[in-house]
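What follows is one structure encoded as structure tokens, with my remarks underneath.
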2 protein chains.
Amino acid sequence: MDLRQLRYFIGVAERGGFGAAASALNIAQSALSRHIKELEHELGGALLTRTARGVAVTESGKVLLERGRWLLGLVDDIKAEVRTENREPSGTVRLGAPSSVAEIFYPPLARLTAERFPRVQLELGEALTELACDRLLRGQLDLAIVTAPQPNDHLAYETLVIEQVFLIGPPQDPLLKRGRMTVNDVKRLPRAILPLSRTPFPTEVPFFVRVESSTPMKRIVASGLGYALLPYSGIYQEIEAGRLSAALLPWMRAERVLAVPRGRPISRATHETVALLKEICSELIHDGIIRTAQRASAPTGRPDRPRR
Amino acid sequence: MDLRQLRYFIGVAERGGFGAAASALNIAQSALSRHIKELEHELGGALLTRTARGVAVTESGKVLLERGRWLLGLVDDIKAEVRTENREPSGTVRLGAPSSVAEIFYPPLARLTAERFPRVQLELGEALTELACDRLLRGQLDLAIVTAPQPNDHLAYETLVIEQVFLIGPPQDPLLKRGRMTVNDVKRLPRAILPLSRTPFPTEVPFFVRVESSTPMKRIVASGLGYALLPYSGIYQEIEAGRLSAALLPWMRAERVLAVPRGRPISRATHETVALLKEICSELIHDGIIRTAQRASAPTGRPDRPRR
DNA sequence: TGCTTCCCATCTCGTTCCGAGATGGAGGCG
DNA sequence: CGCCTCCATCTCGGAACGAGATGGGAAGCA
């Protein structure tokens with residue numbers, strides 16, 4: 001049994017004749033006749049009784065008529081349902097980002113996701129590059145924002161933004177008041193504080209503390225115990241509040257990279273989340289919260305698979 | 001959307017790949033690929049995510065998978081339902097017959113219908129030829145058993161049985177004891193009682209009472225008030241009980257005819273009822289309750305429309 | 001009764017759709 | 001780096017489908 005045959009049968013039954021149904025269905029009467037005949041053969045009996053002026057529906061035809069109308073309605077419902085499901089991404093996106101990025105990206109991401117994709121659930125975790133990549137490979141994350149990741153065949157990278165890096169210290173620190181510093185300036189620092197992640201900044205800097213999260217790092221710096229390297233987005237609130245001061249390191253960059261696992265399907269929800277993150281990034285740049293060293297253009301790792 | 005496409009999609013989704021599904025569905029992988037693609041185009045989005053070793057079902061695909069399985073089950077249910085509906089006739093059959101025929105045909109008809117066609121409802125009315133034909137034409141009856149009806153283009157006739165006619169009188173009546181009577185014998189009858197119907201018996205017989213129903217007729221005859229003409233089936237109980245006596249009129253016949261309206265569809269239930277009536281008739285002849293003058297062979301009126 | 005009209009069944013032909021096989025690209029795996 | 005698996009695409013032959021013409025049966029009408 002075919003939906004087309006069902007539609008034809010219902011048309012003939014409703015209009016009481018092959019000819020009338022043929023013109024209404026935009027099909028030849030002969031084709032109708034043949035389809036109904038085939039349907040009757042498959043169902044093992046007459047569905048219509050042919051008379052000199054039209055057709056009458058048999059008892060079994062009445063059953064098929066009623067059920068068939070219902071079935072066609074169901075088909076339409078299902079199509080509509082799948083279509084809206086397709087229009088609206090859904091499912092869960094598990095995202096990982098370092099705490100400094102999470103701090104500024106997660107609030108607008110949550111707001112935009114709720115607004116535009118109400119059927120998407122977010123799981124927003126905090127993880128530095130190594131842990132995030134590991135979780136991506138284990139399938140515990142769908143998407144991560146990392147910094148200078150190891151090249152990996154099972155991960156696809158796409159540069160989100162390249163940020164300027166600042167040396168930060170206590171307010172009114174004399175070392176920072178020039179606004180920008182050279183490599184040698186930094187190498188002569190008495191006490192540097194770096195993130196725990198091993199590969200955040202490409203330049204060798206002597207350190208005496210590594211900290212995982214940016215908040216304690218900033219507290220340590222604010223207390224005057226040392227200097228730290230951070231992009232502007234991680235410290236803009238403290239700078240504006242006067243709790244920290246900073247000097248640009250023009251020769252240094254922090255590259256924020258989106259990472260997704262390769263060889264595993266990427267859900268539409270994840271794709272939309274990527275789009276949202278790019279949008280948020282642009283907004284943050286526009287608002288001056290992110291200061292870019294260079295606009296993202298070429299991907300760092302292997303190119304992401306093309307969007308369909 | 002087509003049921004075939006749906007079946008293919010479910011096959012691919014369940015087996016996790018085009019190739020596996022292709023061999024299971026006995027179809028080429030290329031055809032599967034094309035159908036799924038078409039379905040995805042119609043539903044406005046991807047249903048499957050293609051990976052290097054198979055497919056993954058997207059969110060919308062999951063919806064379609066669930067609904068589609070349900071829909072295919074429904075289709076099978078509907079097919080089965082229509083098929084049994086086709087195997088078992090159903091609906092209402094409205095039958096009319098004169099009371100004498102009703103008396104002996106209706107009980108076995110009701111029993112056989114209940115046994116074999118439990119979904120058929122019977123409406124068993126009593127009507128003589130004229131009224132029955134009128135009701136057939138008005139669409140108030142589906143089928144009637146009549147006697148010597150007027151030819152009518154809107155009615156189709158089929159002879160059921162031709163019965164012998166008997167002259168009946170009180171028990172041990174002297175006129176009847178010879179067992180058979182000639183035309184002149186009947187014409188000299190003192191008091192004849194005939195059915196109300198105008199054309200039951202083709203021979204002119206003087207009468208003084210016409211009665212519609214056979215039961216009062218037989219009571220009148222039993223009381224010795226006159227003689228009546230009836231086929232044996234109408235009086236066999238009274239003959240066996242000794243309440244009446246009868247003499248065969250070999251020159252006279254009563255033809256029982258099945259009548260159905262022409263130009264209106266005849267339901268399967270009506271067809272089956274006709275078959276049952278013929279079967280009952282044979283049984284009654286075999287049991288000696290109906291005495292035939294001649295087996296039914298050629299139809300009286302225009303031939304019934306052929307069975308499909 | 002004969003004619004007309006209406007309606008459906010059947011036949012035939014051209015188009016479309018569908019399925020099969022071959023080929024190629026992408027990714028996984030040793 | 002080569003091999004294997006899996007899917008997409010191309011092309012071709014066959015089946016299904018739709019359109020038009022034809023014919024038969026029944027109803028309506030004169």
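Naming: A, B, ... by sequence-line order, numbering from 1 per chain.
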May I have the distance from B:N26 (atom CG) to C:dG19 (atom C1'), rounded to whole angstrom? 12 Å
Please check the phosphate of C:dG27 (OP1 and OP2 only) for any side-chain N or O of A:H154 closer than 4.0 Å. no
Between A:R50 and D:dA26, is there a contact of a side-chain N or O with OP1 or OP2 at under 4.0 Å? no
Can you check whether B:R256 reaches B:T159 side chain to side chain, under 4.5 Å on heavy atoms? no
Distance, rounded to the nearest Å, where A:L155 contributes CG and C:dG27 contributes P: 14 Å
Nearest-nucleotide check on DNA chain C, A:A52 vs A:R34; residue mapping nearer the 5' end is A:A52
State which of D:dG18, D:dC7, C:dC8 makes the closest approach to the side chain of A:I27. D:dG18
Taking for A:S30 and for A:R4 the nucleotide of DNA chain C with the nearest heavy atom, the one nearer the 5' end belongs to A:S30
Distance only, no hydrogens: is a donor on one side chain within 3.5 Å (strictly under) of an acceptor on the other, for B:T270 and B:S267? yes
Hey, does the side chain of A:Y8 reach the backbone of A:A21 with a donor-acceptor pair shorter than 3.5 angstrom? no
Just the rounded figure in Å: distance from P of C:dC8 to OH of A:Y8. 16 Å
Would you kindly check whether a donor in the side chain of A:Q29 faces an acceptor in the base of D:dA19, or vice versa, at under 3.5 angstrom? no
Send over the distance from A:R53 CZ to D:dG24 P, rounded to a whole Å. 23 Å
Residue that, paired with A:V274, satisfies side chain to side chain contact (heavy atoms under 4.5 Å, CB included) out of A:V93, A:D142, A:L143, A:L95: A:L143
Euclidean distance, atom CG of residue B:D2 to atom P of D:dA16 [Å, nearest integer]: 14 Å
Check whether any side-chain nitrogen or oxygen of B:K37 sits under 4.0 Å from OP1 or OP2 of D:dT9, and answer yes or no. yes
What is the distance, to the nearest angstrom, from the CZ atom on A:R15 to the P atom on C:dC8? 13 Å
A:Q5 has an atom CD; how far is it from atom C1' of D:dG18, in whole Å? 14 Å
Let's go through B:E255 and B:T147 carefully: what are the C-alpha distance in whole Å and the side-chain angles of both, what is the deciding distance for side-chain hydrogen bond (donor to acceptor under 3.5 Å, both in side chains) to 0.1 Å, and is it a yes or a no? CA-CA 6 Å; B:E255 186 178 14; B:T147 307; over 6 Å; no
Round to a whole Å and report the spacing from CD of B:E40 to C1' of D:dT9. 15 Å
